[in-house]
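I have placed the structure first, in the form of structure tokens, so that the comments after it can refer back to it.
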2 protein chains.
Amino acid sequence: MGVFSRTCEYAMRAVFFIAHRTPDGSRVGIKDISEGIDSPAHFLAKILQDLSRRGIINSAKGPNGGFYMTEENLSRPLSDVVEAIDGVQIFKGCALGLKQCSVKNPCPLHHEFKAIRNDLTKLLNGTSIKSFNEDLLNGMTSLKK
Amino acid sequence: MGVFSRTCEYAMRAVFFIAHRTPDGSRVGIKDISEGIDSPAHFLAKILQDLSRRGIINSAKGPNGGFYMTEENLSRPLSDVVEAIDGVQIFKGCALGLKQCSVKNPCPLHHEFKAIRNDLTKLLNGTSIKSFNEDLLNGMTSLKK
DNA sequence: ACAATTAAAGAGTTTTATATCTTTAATAAA
DNA sequence: TTTATTAAAGATATAAAACTCTTTAATTGT
Ligand code: FES
Ligand code: FES
């Protein structure tokens with residue numbers, strides 16, 4: 001596995017896809033999303049249920065229903081998605097799995113690792129979903145393959 | 001989970017522990033190691049078997065047997081351990097799980113993520129186990145708690 | 001040769017992550 | 001009010017990761 005769990009990868013791709021497809025307040029269904037990001041539909045449905053419950057995305061049932069994102073949703077950082085799925089270990093945890101990452105009891109990687117972890121935090125916490133989405137709308141970035 | 005799998009965390013801690021305890025060519029047993037790094041002994045045994053088969057560490061059976069590391073072992077980069085356990089995804093994989101991370105079909109995170117991933121690669125690939133170990137021998141860093 | 005010690009190997013079990021399938025509830029439109 | 005459409009919820013199923021236990025093989029020292 002990479003840096004994030006597979007579930008988290010699906011979640012991030014889906015969020016970008018929804019953002020990309022509902023700039024206007026329209027909705028997009030689970031089928032379209034799962035095809036658009038190449039993920040198992042039913043599994044993704046579970047993930048989106050979760051994100052929806054947490055208020056990271058929105059959903060509506062019934063005809064013309066589906067998932068969508070409000071301005072409020074779009075302005076949140078991507079780290080909200082990551083934290084919802086994978087938790088905070090990625091942002092706070094020790095590289096070697098010590099119970100507490102701290103400068104008082106640092107592992108051999110601590111100093112350098114902390115810098116890298118901070119960069120990752122800055123990237124995910126400091127950038128709104130919307131701004132990642134701009135490149136996507138420009139067709140400059142991709143969510144599939 | 002953090003950046004690395006739990007198995008990989010144990011592996012890295014164990015490697016540092018062995019390096020720390022066998023500077024002279026002596027050996028250290030699985031019991032000592034697992035207690036020293038706070039990991040399940042039998043599970044760690046499996047992990048060390050694997051590292052030993054791959055030549056990342058060495059082992060000897062029988063009385064006064066145990067695990068140890070040669071100069072050659074110590075001079076290898078920590079990335080060897082990570083690759084042996086977790087594979088190369090962490091060094092090469094796309095943040096969003098696209099099949100290929102490439103500048104031709106970049107995901108929305110690609111540019112910034114790649115920089116971070118490269119820093120991590122540089123840290124693990126560019127530093128020998130021995131040099132991480134120096135701080136440990138000085139008592140400046142820790143492997144437990 | 002024998003007994004003790006140690007890792008290697010093999011064979012599980014348990015837990016967590018990933019994935020699928022079915023049923024229910026909500027909504028909209030006819 | 002009925003039907004169609006959609007997500008939510010529930011119930012499993014499968015696979016992978018994490019962990020445990022037992023047996024075997026190698027080595028050393030007596
Ligand atoms: S203590 Fe290990 S990264 Fe901080
Ligand atoms: S394509 Fe996603 S990180 Fe490179």
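Proteins get letters first, then strands, A, B, ... in listed order; numbering begins at 1 in each. Computed from a predicted structure; not experimentally measured.
For R6(A), counting side-chain heavy atoms from C-beta on, the closest listed nucleotide (dT5(C), dT20(D), dA19(C)) is dA19(C). With dA8(C), dC21(D), dA8(D) as the choices, the nucleotide that has an atom nearest any side-chain atom of S59(A) turns out to be dA8(D). If you check dA8(C), dA19(C), dT18(C) against the side chain of S5(A), the one that comes closest is dT18(C). With dA19(C), dA28(C), dT22(D) as the choices, the nucleotide that has an atom nearest any side-chain atom of P63(A) turns out to be dA28(C). Side-chain proximity of Q49(A) to dA18(D), dA8(C), dA9(D): nearest is dA9(D). Of the listed nucleotides (dA4(D), dA9(D), dA19(C)), dA9(D) has the atom at the smallest distance from the side chain of R53(A). Of all nucleotides listed (dA8(D), dC19(D), dA8(C)), dA8(C) comes nearest to the side chain of S52(B). Relative to the side chain of P40(B), the nucleotides dA8(C), dT20(C), dC19(D) differ in distance, and dC19(D) lies closest.
Protein atom CD of E9(B) is 14 Å distant from nucleotide atom P of dA17(D), rounded to whole Å. The separation between I47(A) atom CD1 and dT18(C) atom P is 8 Å, rounded to whole Å. One atom, CG of L51(B), and another, P of dA9(C), lie 13 Å apart when rounded to the nearest Å. Distance K31(A) NZ to dA8(D) P: 17 Å, rounded to the nearest Å. A straight line from CD1 of I30(B) to C1' of dA9(C) spans 14 Å, rounded to a whole angstrom. Counting to the nearest Å, the P atom of dT6(C) and the NE2 atom of H42(B) are 14 Å from each other. Straight-line distance from the CG atom of L44(A) to the P atom of dT6(D): 16 Å, rounded to whole Å. Across the protein-nucleic acid pair, N58(B) atom CG and dT6(C) atom C1' stand 15 Å apart, rounded to whole Å.
The aromatic rings of F113(B) and F4(A) lie tilted to each other, with the angle between the two planes from 30° to 60°. The aromatic rings of Y10(A) and F43(A) stand perpendicular to each other, their planes meeting at an angle above 60°, with 30° marking the opposite boundary.
Rounded to the nearest 0.5 angstrom, I30(A) CD1 and I18(A) CD1 are separated by 7.5 Å. The CG atom of L44(A) sits 6.5 Å away from atom CD1 of I33(A), with the distance rounded to the nearest 0.5 Å.
A60(B) comes within contact range of the sugar-phosphate backbone alone, with a heavy-atom separation under 4.0 Å but no base atom that close. Looking at heavy-atom distances under 4.0 Å, R27(A) makes no contact with the nucleic acid at all. If you check every strand for non-hydrogen atoms under 4.0 Å, L48(A) touches nothing.
Residue K46(B) places a side-chain atom within donor-acceptor reach of the base of dA9(C), judged by atom type and a 3.5 Å distance cut-off alone. Side chain K61(A) to base dA8(D): no donor-acceptor pair is found below 3.5 Å.
Between F43(A) and I33(B), the residue anchored closer to the 5' end of DNA chain C is I33(B), taking for each the nucleotide with the nearest heavy atom.
In this structure a side-chain-to-backbone donor-acceptor pair under 3.5 Å is present from R13(A) to L96(B).
Y10(B) has no side-chain polar atom (N or O) that falls below the 4.0 Å cut-off from OP1 or OP2 of dA18(D).
Of the N and O atoms on the side chains of T121(A) and N118(A), not one donor lies less than 3.5 Å from an acceptor on the other residue.
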